[in-house]
Amino acid sequence: MIKNAVIVGLGLIGGSLAKALSKYTDIKVMAVDINENSLHKAFEEGVISYGVTHLDFQVDADVVFICTPVGKIVEKTKNILPYLKKGCIVTDVGSTKKVIMEEVQKFLPDEIFFIGGHPMAGTEKAGYDNADADLFVNSNYLLMPFDNVKEDVLELFINEVIIKIGAKPVIMDYNKHDAIVGIISHVPHILSATLTNFAYNKSSEAFKYAAGGFKDTTRIASSQTEIWKDIICTNKEVILELLKNYRKVLSDFICYLENDDIDSIQKFLEDARKYRNTIT
Ligand SMILES: NC(=O)c1ccc[n+]([C@@H]2O[C@H](COP(=O)([O-])OP(=O)(O)OC[C@H]3O[C@@H](n4cnc5c(N)ncnc54)[C@H](O)[C@@H]3O)[C@@H](O)[C@H]2O)c1
Ligand SMILES: O=C(O)C(=O)C[C@]1(C(=O)O)C=C[C@@H](O)C=C1
């Protein structure tokens, strides 16, 4: 049974997990964050039972969630290990997995169970103030357990955490994970930022008249720089290859336009409409 959790990094995702656990389970949450205001607010709201800016004592945690920016996840995982009991589950929420999993594998003791995690939910906003107990409802929660994680341990985590917070567990290999999120999250983020910079630099006046279309396609460009710098740097090879493929798609479209190839333009738009409408 999972009774006690520690959340390291009580921001948008860590804070949402804390609120979801508090709303949907009886799991008691302790938090670690360098931001004292977040700890204070979460304690006042009854979301956490205890908060510290630095953990240097034994904790009775059944599960630990590492929810810092990707660049700090390995270090935070390493630092907390001496304070955990045997059999504790450690999981993270990082948006990339290969670098994290391969680094953690190097030092993780056998008696600690690491399950790489990635909730496919979020927003462009940051911090505990924007956390939402219902953020994970109906979203896919991608899971990558290490080989030493026994079936019953994984089942316990899925049944007592993932399903209770309303998410849909999906077990996946970490290379496949990074390839998939490269396509549907990382490249779109770069395209959104590229489009924003392109439009602003082309005409800051045009920017003033932006309506729904531009706002929808560039919302995620408002996301935090630190979070996205870490994501992009830890999935560089996948992203580079995809961007090169994307360049080809764009050049093809330029050719259709230059050649007044209306049939190809029509097929291009019709395909996109059809594919987009398959997303529920
Ligand atoms: N934002 C999203 O949409 C989203 C979705 C899924 C996964 N993720 C992943 O979740 C993680 C957190 O992202 P977020 O959006 O919640 O960011 P965030 O900035 O809202 O939260 C990060 C939290 O970590 C804390 N923190 C930073 N360094 C710390 C340290 N050394 N010790 C303790 N706490 C520290 C910050 O104070 C902050 O509260 C990232 O790894 C990101 O890739 C983000
Ligand atoms: O909806 C958003 O704003 C998000 O950025 C969420 C989003 C994404 O869909 O790309 C961002 C990063 C994550 O790792 C998972 C989800």
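This is a predicted model, so every value here is computed, not measured. Remember, it's 1-based here, ligands and their atoms both numbered in the order they're listed. Just so it is clear, the values below take in all heavy atoms, side chains as well, and ignore hydrogens, waters and symmetry mates.
- Ligand 1 has a nitrogen or oxygen under 3.5 angstrom from a nitrogen or oxygen of I13.
- Residue contact check: P119 has heavy atoms under 4.0 Å from atoms 6 (C) of ligand 1.
- In terms of N/O distances under 3.5 Å, ligand 1 is not approached by H118.
- In this structure, Y200 and F207 have perpendicular ring planes: the angle between them is above 60°, well past the 30° mark.
- On a distance-only criterion, L12 and ligand 1 share at least one N/O pair closer than 3.5 Å.
- Note that the CD atom of E45 and the OH atom of Y128 stand 3.5 Å from one another [nearest 0.5 Å].
- Side-chain N or O atoms of D178 include none that pairs as donor or acceptor with a backbone N or O of T96 at under 3.5 Å.
- Only the side chain of K72 comes within 4.0 Å of ligand 1, judged by heavy-atom distances.
- Around the CD atom of E151, the shell of radius 6.0 Å holds no more than 12 heavy atoms that belong to other residues, nucleotides or ligands.
- Residue S38 has no nitrogen or oxygen atom sitting less than 3.5 Å from a nitrogen or oxygen atom of ligand 1, judged on distance alone.
- With respect to atom 18 (P) of ligand 1, the closest heavy atom belonging to the protein is Q224 NE2, 3.6 Å.
- Ligand 1 has an N or O atom lying under 3.5 Å from an N or O atom of T68, backbone or side chain.
- Checking each of L17, L10, D92 against C67 for a side-chain contact (heavy atoms from CB on, under 4.5 Å) leaves exactly one that passes, namely L17.
- Near G94, with a cut-off below 4.0 Å to any heavy atom, the atoms of ligand 1 are 41 (O).
- Protein residues with any heavy atom under 4.0 Å from ligand 2: S95, H118, G122, T123, E124, S185, R219, I220, W228.
- Nearest to atom 12 (C) of ligand 1 among the protein's heavy atoms is C67 O, 3.3 Å.
- Near I73, meaning under 4.0 Å from one of its heavy atoms, ligand 1 places the atoms 41 (O).
- For ligand 1, the atoms closer than 4.0 angstrom to any heavy atom of V93 are 7 (C), 8 (N), 9 (C), 10 (O), 11 (C).
- Residue D33 places at least one N or O, backbone or side chain, under 3.5 Å from an N or O of ligand 1.
- Not a single heavy atom of A131 sits under 4.0 Å from any atom of ligand 1.
- Heavy-atom contacts of T123 reach the following atoms of ligand 1: 1 (N), 3 (O) (cutoff under 4.0 Å).
- Contacts between E124 and ligand 1 below 4.0 angstrom, taking non-hydrogen atoms only, are absent altogether.
- Taking only nitrogen or oxygen atoms, main chain and side chain alike, I231 does not reach within less than 3.5 Å of ligand 1.
- Note that CG of N175 and NZ of K98 are 4.5 Å apart. Values are rounded to the nearest 0.5 Å.
- The CG atom of L243 sits 5.0 Å away from the CD1 atom of I190 when rounded to the nearest 0.5 Å.
- Of the heavy atoms in L10, only backbone atoms (N, CA, C, O) come closer than 4.0 Å to ligand 1.
- Contact annotation: D92 has no heavy atom less than 4.0 Å from any atom of ligand 1.
- Annotation: cation-pi geometry not satisfied between K28 and Y50 (NZ/CZ under 6.0 angstrom from ring centroid, within 45° of ring axis).
- The aromatic rings of F146 and F114 lie tilted to each other, with the angle between the two planes from 30° to 60°.
- Rounding to the nearest 0.5 Å places CE of M172 at 4.0 Å from CD1 of I180.
- Ring planes of H186 and W228: perpendicular class, angle over 60° (limits at 30 and 60°).
- For K229 and E226, the salt-bridge test fails: no basic side-chain N is under 4.0 Å from an acidic carboxylate O.
- Not a single heavy atom of M120 sits closer than 4.0 Å to an atom of ligand 1.
- Side-chain N or O atoms of T68 include none that pairs as donor or acceptor with a backbone N or O of G9 at under 3.5 Å.
- Of the possible polar contacts, none joining the D33 side chain to the L39 backbone as a donor-acceptor pair under 3.5 Å is found.
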